[in-house]
Amino acid sequence: MKVTEHINKAKGNTQFSFEILPPLKGQHIQSIFDNIDPLMEFNPPFIDVTYHREEYTFKDAGNGLLKKHIVKKRPGTVGICAAIQNKYGVDAIPHILCGGFTKEDTENFLIDLDFLGIENVMALRGDAVKTETYFKPEKEGHAYANDLVCQISELNSGVYLDEELQNCSETNFCIGVGAYPEKHMEAPSLDSDIHFLKKKIKSGAEYIVTQMFFDNEKYFEFVKKCRSEGITVPIIPGLKPIATGKQLNLIPHRFHVDLPEDLIIDIVKCKDNTAVRQVGVEWCVQQSKELKAAGIPVLHYYSMGKSTNIKAIADQIF
Ligand SMILES: Cc1cc2nc3c(=O)[nH]c(=O)nc-3n(C[C@H](O)[C@H](O)[C@H](O)COP(=O)(O)OP(=O)(O)OC[C@H]3O[C@@H](n4cnc5c(N)ncnc54)[C@H](O)[C@@H]3O)c2cc1C
């Protein structure tokens, strides 16, 4: 079922969903199931699975030179989605990127998803590869998520890349896109970012999931701004409980979001990460309670592959 159908069916009740990431190459899929199992009692209508593009590493070639290696550390997005739908009967949402994909790769990826009965897809640009400062599209790929949304919409109308193909089957993907209540790091302003977000909706995206935020006011303000710009689709908040002291610096650096002063003070007081986790869970519970009271249709948690703290939150909210 599509995310939009899940939301309509829930008739105003707030639903629980979460995002997982594929295990590191070499690890078993059981580690994924072990983290999903404890969360199934909260009846997630859908589970997102992130996509991780290739990374470059440089190894000693033995001749005084370095040889470039391309590695995908977390492959398996499609396989995990199929396994989730098969094992739990829950809709799995693969993330799909512009980065590392030609248009042809994208089309083939989408055909696999369609054949597997996957009805939702989260369309993202992806970040620059770690060794580069700016995002570079593939030669025959997309520069922005909007272009990817356009390609998926075309496929939904039965239009494939090969113009000679006739009477093609239409796919039926419900397309989600990302958004940033505190502005995407590269956007010159929030208004500019919302302008491009609106383009993604016009091109066929049917719902939005936000970057994590720790101050609900930022989310409420963002939703207000989007609504005043004519964006009417569901805007699902992304939530992440802080779990380690290091994340105090890591999260703002990696995700370009601010942490509220009160949260920082509480974390700094913690003697160890067990105490930090407790603070992180309590903060996220308060955020979740307020969002639920405001009638938000889905709360979406970034599990980062660990379910213990997400379960502790869900126990108090759902
Ligand atoms: C919910 C969510 C899930 C994510 N999951 C993943 C994942 O699984 N894997 C992964 O690698 N990354 C993931 N990301 C991170 C995401 O790939 C990065 O944040 C990336 O830098 C931007 O992706 P986007 O889809 O928002 O890009 P876009 O919508 O393309 O926007 C990127 C930037 O370009 C600007 N822009 C857009 N269109 C134009 C235009 N035509 N001209 C000029 N500027 C423009 C925007 O304002 C923005 O600053 C996720 C992010 C979110 C919010």
Side-chain angles (χ1 to χ4, degrees), residues 3 17-23 46-55 72-78 80-81 92-101 106 109 113 120-130 132-138 141-152 175-213 218-219 222-223 225-226 229 231 233-240 251-257 298-305:
V3 167
S17 88
F18 60 96
E19 174 188 293
I20 56 165
L21 61 164
F46 57 89
I47 298 171
D48 276 56
V49 184
T50 54
Y51 191 92
H52 297 260
R53 64 174 303 180
E54 73 286 1
E55 292 176 28
K72 230 177 217 178
K73 289 188 179 165
R74 292 183 186 274
T77 301
V78 177
I80 292 170
C81 285
I93 307 186
H95 292 192
I96 174 168
L97 305 181
C98 302
F101 280 74
T106 301
F109 189 90
L113 301 182
N120 301 280
V121 62
M122 184 76 187
L124 299 147
R125 188 197 69 179
D127 287 323
V129 285
K130 286 199 177 119
E132 290 170 359
T133 313
Y134 297 105
F135 174 82
K136 273 199 219 133
E138 291 302 299
H142 297 302
Y144 295 106
N146 181 54
D147 308 319
L148 176 56
V149 173
C150 289
Q151 185 178 1
I152 304 168
I175 310 168
V177 289
Y180 307 82
E182 297 177 58
K183 181 182 95 60
H184 182 256
M185 60 181 155
E186 294 162 27
S189 70
L190 187 58
D191 284 348
S192 155
D193 213 15
I194 291 177
H195 166 79
F196 290 119
L197 176 61
K198 194 173 171 185
K199 268 184 96 171
K200 295 193 274 193
I201 307 304
K202 276 195 163 163
S203 300
E206 292 182 72
Y207 72 98
I208 293 167
V209 180
T210 77
Q211 180 58 279
M212 64 184 73
F213 55 87
K218 301 235 164 98
Y219 168 81
F222 178 70
V223 173
K225 243 174 179 279
C226 289
E229 291 301 320
I231 297 173
V233 301
I235 304 179
I236 298 172
L239 297 166
K240 151 128 187 75
I251 285 179
H253 177 69
R254 172 82 183 80
F255 299 104
H256 300 261
V257 296
V298 183
L299 304 186
H300 187 69
Y301 294 89
Y302 292 111
S303 81
M304 307 283 188

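All ligand and atom numbering here is 1-based and tracks the order in the structure. Given the structure is predicted, the values throughout are model-derived calculations rather than measurements. Side chains are part of it too, since the values below use all heavy atoms of this structure and drop only hydrogens, waters and symmetry mates.
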Practice prompt. Under the ring-ring contact (aromatic ring centres under 6.0 Å, His included) rule, collect the residues that match up with F213, sequence neighbours excluded.
Written response: Y219
Item to complete: Please name all residues satisfying side-chain hydrogen bond (donor to acceptor under 3.5 Å, both in side chains) with R53, sequence neighbours left out, ordered by chain then number.
Response: none
Worksheet item: Taking the inter-plane angle between the rings of F46 and Y207 on a 0 to 90° scale, is it parallel (under 30°), tilted (30 to 60°) or perpendicular (over 60°)?
Response: tilted
Worksheet item: Are R125 and D147 close enough for a salt bridge, meaning some N to O gap below 4.0 Å?
Response: no
Worksheet item: If you measure from the Lys or Arg side-chain nitrogens to the Asp or Glu carboxylate oxygens, is any gap between D127 and R254 under 4.0 Å?
Response: yes
Run through all N or O atoms in ligand 1 and write down each protein N or O closer than 3.5 Å, as a pair with its distance.
unit_1, atom_1, unit_2, atom_2, d
ligand 1, 5 (N), H95, ND1, 3.0
ligand 1, 8 (O), Y51, N, 3.0
ligand 1, 8 (O), H95, ND1, 2.8
ligand 1, 9 (N), Y51, O, 2.8
ligand 1, 17 (O), G126, N, 2.9
ligand 1, 19 (O), Y180, OH, 2.7
ligand 1, 21 (O), R125, NH2, 3.1
ligand 1, 21 (O), D127, OD1, 2.5
ligand 1, 21 (O), H184, NE2, 2.8
ligand 1, 23 (O), Y180, OH, 3.4
ligand 1, 25 (O), R125, N, 2.9
ligand 1, 26 (O), Y180, OH, 2.8
ligand 1, 29 (O), K200, NZ, 2.7
ligand 1, 30 (O), A145, N, 2.9
ligand 1, 47 (O), D193, OD1, 2.6
ligand 1, 49 (O), H184, ND1, 2.8
ligand 1, 49 (O), A187, N, 3.4

Worksheet entry | Pairwise side chain to side chain donor-acceptor pair (under 3.5 Å) hits with a residue in residues 194-205, at least two apart | N146-S203
